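In what follows, residues are counted from 1 in the order of the sequence shown. Being a predicted model, the structure only gives us computed values, none of them experimental.
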Amino acid sequence: MAKFKLLTDLQDSYNELVYKVSWPSKKDLANSTVIVMVASILMAIVIWAIDVVFDSVMNLIYSL
């Protein structure tokens with residue numbers, strides 16, 4: 001009985017994936033990729049800047 005439930009679940013998952021999921025167009029996907037890349041680069045720059053400031057403050061404190 002469990003074997004038939006597994007097959008039914010797999011078939012339902014396949015049908016949902018093929019017929020009910022809305023896939024983005026290539027243009028939408030490219031735009032989203034650019035947005036994610038830009039956001040990632042900006043976050044990396046912010047984290048790097050915080051690290052540099054923190055390192056400078058800690059070096060100042062330890063040099064006293």
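Taken together through direct or relayed side-chain contacts under 4.5 Å among Ile, Leu, Val, Met, Phe, Trp and Tyr, V53 and I61 form part of one hydrophobic cluster. Hydrophobic clustering of Ile, Leu, Val, Met, Phe, Trp and Tyr side chains at less than 4.5 Å, counting indirect connections, unites F54 with Y62. Linking Ile, Leu, Val, Met, Phe, Trp and Tyr residues whenever their side-chain heavy atoms come within less than 4.5 Å places L42 and V34 in a single cluster.
Interatomic distance, OG of S32 versus NZ of K27, reported as 12.0 Å (0.5 Å rounding). Note that OG1 of T33 is 10.5 Å distant from CG of D28, once rounded to the nearest 0.5 Å.
A heavy-atom distance below 4.5 Å is not found between the side chains of E16 and D12. Counting only heavy atoms from C-beta outward, the side chains of S56 and L60 never approach each other to under 4.5 Å. In this structure the side chain of L7 never reaches within 4.5 angstrom of the side chain of Q11, judged on heavy atoms.
Within a 6.0 Å sphere centred on CE of M43, heavy atoms belonging to other residues, nucleotides or ligands number 12 at most.
Every residue two or more places apart in sequence or in another chain that forms a salt bridge (Lys or Arg N to Asp or Glu O under 4.0 Å) with D9 is listed here: K5.
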